[in-house]
Amino acid sequence: MENTGTGTQARQAPYAPPATVLMVIRHFRNRDVPEQIEKVRFTQIGVTDGLLNRTWSAFQFLGLMLEDGTTTEAFRALRYADNTEYPTVFQGILRQTYADIFAVVQPEYATDADYERAYRPYSPGGQRGRMITQF
């Protein structure tokens, strides 16, 4: 977290396009998840240079890999989950990662205003709409 200079902490959330994140997840669901991934691998899969850092950050935020590209057990859990288990495994990752959002928003009933309010502490402010879309 970064200090905003006002005595409060700004929160960070990913804002990569969900379709790009899901494309990478699907790629590795159909193959093995290596112990280490380099950024160039994402571009080989089809992530554009303009989305590379945002997508990389999303994978870190979701707990699928570390900053250095080391993959996690959560990523392998997605890989090895069968089609009936996959939604539950993915939901568990999302609920853990976005626990502070789920604490104030029930997606089944949430309005746009509820999401805006939940993401107000997140920076950069200009990307909140994309953060909500990623969520």
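Nothing fancy with the numbering, it's 1 onward along the sequence.
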Task: From CA spacing to verdict: side-chain contact (heavy atoms from CB on, under 4.5 Å), Lys39, Asn53 - done: CA-CA 8 Å; Lys39 283 186 177 183; Asn53 288 332; 2.7 Å; yes
Open item on the list: Determine whether a donor-acceptor pair (N or O, by modelled atom type, separation under 3.5 Å) exists between the side chain of Glu67 and the backbone of Ser57.
Closed with: no
Open item on the list: Starting from Val33, can I reach Leu66 by hopping between I/L/V/M/F/W/Y residues whose side chains sit under 4.5 Å apart?
Closed with: no
Task: Leu52-Leu22 co-clustered via ILVMFWY side chain contacts under 4.5 Å - done: yes
Task: Ion pair Glu73/Arg76, N-O distance below 4.0 Å - done: yes
Task: Any residue meeting ring pair (Phe, Tyr, Trp, His ring centres under 6.0 Å) with Tyr86, in chain and number order, not counting sequence neighbours - done: Phe90
- [ ] With the side chain counted from C-beta on, respond yes when Arg79 and Asp32 share a heavy-atom pair under 4.5 Å apart, and no when they do not.
- [x] yes
Task: Over 12 non-hydrogen atoms of neighbours within 6.0 angstrom of CG in Asp82 - done: yes
Task: Sidechain-backbone polar pair: Arg29 side chain, Ala81 backbone, donor-acceptor under 3.5 Å - done: yes
Open item on the list: Please check this pair: side chain of Gln96 against backbone of Ile93, looking for a donor-acceptor N/O pair closer than 3.5 Å.
Closed with: no
Task: Non-hydrogen side-chain atoms of Val47 and Met23 separated by less than 4.5 Å - done: yes
Task: Any side-chain heavy-atom pair of His27 and Arg41 under 4.5 Å - done: yes
Open item on the list: Could you report the tightest heavy-atom contact between Thr88 and Thr84, atom names first, then the distance?
Closed with: OG1-O, 4.5 Å
Task: Exercise: identify the closest heavy-atom pair between Pro107 and Val105 - done: CD-O, 3.4 Å
Open item on the list: Would you call the rings of Phe42 and Phe28 parallel, tilted or perpendicular, taking 30° and 60° as the class edges?
Closed with: tilted
Open item on the list: Is the shortest side-chain heavy-atom distance between Ile25 and Val21 below 4.5 Å?
Closed with: yes
TODO: Verify, without hydrogens or angle tests, whether Thr97 (side chain) and Leu94 (backbone) share a donor-acceptor contact under 3.5 angstrom.
DONE: no
Open item on the list: Tell me if a side-chain donor or acceptor on Thr71 pairs with a main-chain N or O of Met65 at a distance below 3.5 Å.
Closed with: no
Task: Greater than 12 external heavy atoms within 6.0 Å of Asp68's CG - done: yes
Task: Thr55 side chain vs Ala16 backbone, donor-acceptor pair below 3.5 Å - done: no
Open item on the list: Quick check: do Phe59 and Thr72 have side-chain heavy atoms less than 4.5 Å from each other?
Closed with: no
Task: Spacing of Ile101 atom CD1 and Arg95 atom CZ [to the nearest 0.5 Å] - done: 12.5 Å
Open item on the list: Can you confirm whether more than 12 heavy atoms, excluding those of Glu85, are under 6.0 Å from its CD atom?
Closed with: yes
- [ ] Applying ring pair (Phe, Tyr, Trp, His ring centres under 6.0 Å), name anything that partners Phe61, two or more places apart in sequence or on another chain.
- [x] Tyr98
Task: Trace of the side-chain contact (heavy atoms from CB on, under 4.5 Å) decision for Val24 with Trp56 - done: CA-CA 10 Å; Val24 175; Trp56 191 261; over 6 Å; no
TODO: Output yes when a side-chain donor or acceptor of Arg54 lies under 3.5 Å from a complementary backbone atom of Pro17, and no otherwise.
DONE: no
